[in-house]
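Each remark here refers to the structure printed beneath this line.
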Amino acid sequence: MSRIQTVRKSGPAIERRSIDFVPHRERHGKPFGQFTLWFGANMQITAIVTGALAVIFGAPAFWGIVGLFIGNLLGGAVMALHAAQGPKLGMPQMISSRAQFGVFGAVIPLILVIVMYLGFAATGAVLAGQAVDEILPTDSPVIGVLIFGALTVLVATLGYKYIHMLGRISTIVGIIGFTYLAIQLFLKHDVGSVMGVGGFAIPTFLLAISLSAGWQLTYGPYVADYSRYLPANTHATKTFFACMSGSVLGAQWSMTLGALFAAIAMPAGKGFIDNQVSFVGDLAGGGVIAVLMYMVIVVGKLTVNTLNAYGGYMTILTSVSAFTRQLRFAPWVRFAYVIGFIGVSVIIALVASEDFVSNFKNFVLLLLMVFIPWSSINLVDFYFSSKEKVDIPALYDPKGRYGGWNVPALLTYLLGVVVQIPFLAQHMYTGPITPLLGGADISWIVGLLVTAAVYYPVAKRFNHPPAEMVYPADDQVSADPATAATAPVA
């Protein structure tokens, strides 16, 4: 048996890698594992709520579902382009963004990423806590939220292997549970009648696209965290389509259910929005079947909340390591960071649950504004400027190739955020151009295109990528992707 086989089979139960580079000898897995992880992560109650928002805020069911599908495709493609970087780089997504912003400069978008993780973890805990409370009736959603938080800490602390295992479980459970819900929906309600209500309107159609595109794009800052263990010779196209198809199919399935739930619960989707979890249990038929559906909700939310907690931990360490230069952290450090992160998210969940739907809609659209420029810069640099060649050791050295601060990239990022403001259509602010477009929010399209157009010449002028991939000197396996995954360790 070769050394690489020994490493793979006898590895520790708890993941020992954190933000450091994953050596080629430790790479393993197949692209299909990305499909099950992202499919399972999207078969969950918050995705259902996102689909419902498209109808609640004015889109007819049919055009809302079409808009959600277009948004999932567009956002899913961008998200999967980030995922395809993982096997090549072998490191967390936000560490790789130091190639664009500098070792210290990358901390600025990192802070916003941490806020994003906390927001999604908190909103997820609200719904999962309700489901736990239905399974174990305690008459206190607080207890349900705390139990769910403890489960999240457990899986996130165990790490990469167990997160993927949970994704496979969630895929199977989600398919069974959501198929049953769809059957019950068509048996108990005249779905055809609500699909024909309302006509096409550009503002609400674009809102539906923005909701689902924002949903997908917010995975971008951590999607490569879960593909970085794949062998370096994994074809980028396979990784791309595995992630994209899993995320798009899972999200669209959930969001379609949500749009239909809101449509049959009209006016204003009140029957669904008043208590989303109980609505699902009642639709399932009550009794034991309802309890099983609550368990499906918990499993789905546990999968994605674990991604948020794990990603939050990795992002915090990335920020800290920029100044401490520390690359490796003991498992107890992960536990401490994860329990602190989940503790904060639980507090937010308990405070913010009163106006959940409105806050969540504004939260998703705000994130879209913040992460479109980051995503555009990262992808343009990796695929067009650097041409998939990165100096990995320099990503950990503020005196190296990428320096501490990449001011031109940071200014471009700021421009990408600011340029969206006139086109915003949010609860707290409406841009001056938005009324001229009938209230349609196209800020994310403007941010994506303007940032890419400005950054490409900036990168060509100021960035100096290596001629070839540069791997760490202590990586004992050939850096050639054609042999890296199979070559034995000396």
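Just so it is clear, the structure is predicted and the values come from calculations on it, not from any experiment. Every heavy atom of this structure was used, including side-chain atoms; hydrogens, water molecules and symmetry mates were not.
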Legend entry - Nearest-0.5 Å distance that lies between atom CD1 in I45 and atom OG1 in T50: 10.0 Å
Legend entry - N/O donor-acceptor pair under 3.5 Å between T434 side chain and F423 backbone: yes
Inset, instruction - Verify side-chain contact (heavy atoms from CB on, under 4.5 Å) between Q252 and I65, making sure each step is shown before the conclusion. - result: CA-CA 8 Å; Q252 186 62 31; I65 291 170; 3.7 Å; yes
Inset, instruction - Report yes if some heavy atom in the side chain of F178 is under 4.5 Å from a heavy atom in the side chain of I48; otherwise report no. - result: yes
Inset, instruction - Could you tell me whether a side-chain N or O of S97 sits under 3.5 Å from a main-chain N or O of A106, the two making a donor and an acceptor? - result: no
Inset, instruction - Please check if any side-chain donor atom of Q34 sits under 3.5 Å from a side-chain acceptor atom of T239, or the reverse. - result: no
Inset, instruction - Kindly compute the distance separating CE (M43) from OG1 (T171), expressed to the nearest 0.5 Å. - result: 8.0 Å
Legend entry - Side chain to side chain, F148 and L127, heavy atoms closer than 4.5 Å: no
Legend entry - Short side-chain donor-acceptor distance under 3.5 Å, Q44 and S254: no
Legend entry - Side-chain donor/acceptor of D133 to backbone N/O of G129, under 3.5 Å: no
Inset, instruction - May I ask you to check whether over 12 heavy atoms, not counting those of I202, lie within 6.0 Å of atom CD1? - result: no
Legend entry - Check: S376 side chain, L448 main-chain N or O, donor-acceptor pair, under 3.5 Å: yes
Legend entry - Aromatic centroids of Y313 and F341 separated by under 6.0 Å: no
Legend entry - Donor-acceptor contact below 3.5 Å, side chain S375 vs main chain F371: no
Inset, instruction - Determine whether more than 12 heavy atoms belonging to other residues, nucleotides or ligands lie under 6.0 Å from atom CZ of F200. - result: yes
Legend entry - Within 6.0 Å of NZ in K188, more than 12 heavy atoms from elsewhere: yes
Legend entry - Nearest non-hydrogen partners of Q184 and A284, listed with the distance: NE2-O, 3.9 Å
Inset, instruction - Please say whether more than 12 non-hydrogen atoms of neighbouring residues, nucleotides or ligands are located less than 6.0 Å from CE in M295. - result: no
Inset, instruction - Could you walk me through whether L206 and I209 pass side-chain contact (heavy atoms from CB on, under 4.5 Å), step by step? - result: CA-CA 5 Å; L206 289 177; I209 294 175; 4.1 Å; yes
Inset, instruction - Kindly indicate, with the supporting measurements, whether the criterion side-chain contact (heavy atoms from CB on, under 4.5 Å) is fulfilled by L110 and W374. - result: CA-CA 10 Å; L110 281 173; W374 173 89; over 6 Å; no
Inset, instruction - With rounding to the nearest 0.5 Å, note down the distance linking OG1 in T306 to NE2 in H164. - result: 12.0 Å
Inset, instruction - Might you point out which heavy atoms bring T412 and P408 nearest each other, and give the distance in Å? - result: OG1-O, 2.8 Å
Legend entry - Evaluation steps, side-chain contact (heavy atoms from CB on, under 4.5 Å), between L89 and F382: CA-CA 11 Å; L89 299 177; F382 183 78; 4.0 Å; yes
Legend entry - Closest contact, heavy atoms only, F241 versus S245: O-OG, 2.5 Å
Inset, instruction - Ignoring hydrogens and angles, tell me if any N or O in the side chain of S227 forms a donor-acceptor pair with the backbone of A83 under 3.5 Å. - result: yes
Inset, instruction - Please tell me if the side chains of V338 and Y310 come closer than 4.5 Å, counting only heavy atoms from C-beta onward. - result: no
Inset, instruction - Would you check if there is a donor-acceptor pair between the side chains of S386 and D381 at a distance under 3.5 Å? - result: yes
Legend entry - Distance (rounded to the nearest 0.5 Å) between Y226 OH and Y219 OH: 10.5 Å
Legend entry - F101 and I108, any side-chain heavy atoms less than 4.5 Å apart: no
Legend entry - M244 CE to L81 CG distance, which is reported to the nearest 0.5 Å: 9.0 Å
Inset, instruction - Using a 4.5 Å cut-off on heavy atoms from C-beta on, say whether the side chain of V370 contacts that of V417. - result: no
Inset, instruction - Say whether, by atom type as modelled, one donor and one acceptor occur between the side chain of R228 and the main chain of D225 under 3.5 angstrom. - result: yes
Legend entry - Modelled atom types, side-chain donor and acceptor of N308 and Y222, under 3.5 Å: yes
Legend entry - Closest non-hydrogen atom pair between Q420 and M369, with its separation: NE2-O, 2.7 Å
Legend entry - Polar side-chain atom of T451 near backbone of G447 as donor-acceptor pair, under 3.5 Å: yes
Inset, instruction - Using a 4.5 Å cut-off on heavy atoms from C-beta on, say whether the side chain of T46 contacts that of V304. - result: no
Legend entry - S212 vs N72, side chain to side chain donor-acceptor pair (under 3.5 Å): CA-CA, chis, key distance, verdict: CA-CA 5 Å; S212 54; N72 274 317; 4.5 Å; no
Inset, instruction - Mind checking the NZ-OH spacing from K161 to Y229? Nearest 0.5 Å is all I need. - result: 12.0 Å
Legend entry - Check: Y383 side chain, N378 main-chain N or O, donor-acceptor pair, under 3.5 Å: no
Legend entry - Over 12 foreign heavy atoms within 6.0 Å of CZ, F104: yes
Legend entry - Donor on one side chain, acceptor on other, W63 and T204, under 3.5 Å: no
Inset, instruction - Taking all non-hydrogen atoms of both residues into account, name the closest pair between V126 and A349 and its distance. - result: CG2-O, 3.6 Å
Legend entry - Test item: P221 and Y117 side chains (from C-beta on) under 4.5 Å apart, heavy atoms: yes
Legend entry - Nearest heavy atoms of Y456 and S385, plus distance in Å: CE1-N, 4.5 Å
Inset, instruction - Please answer whether the main-chain N or O of G167 pairs with a side-chain N or O of S170 as donor and acceptor at a distance below 3.5 Å. - result: no
Legend entry - More than 12 heavy atoms of other groups within 6.0 Å of F69 CZ: no
Inset, instruction - Would you please say whether a donor-acceptor pair under 3.5 Å links the side chains of Y455 and N463? - result: yes
Legend entry - Side-chain touch L249/F39, heavy atoms, less than 4.5 angstrom: yes
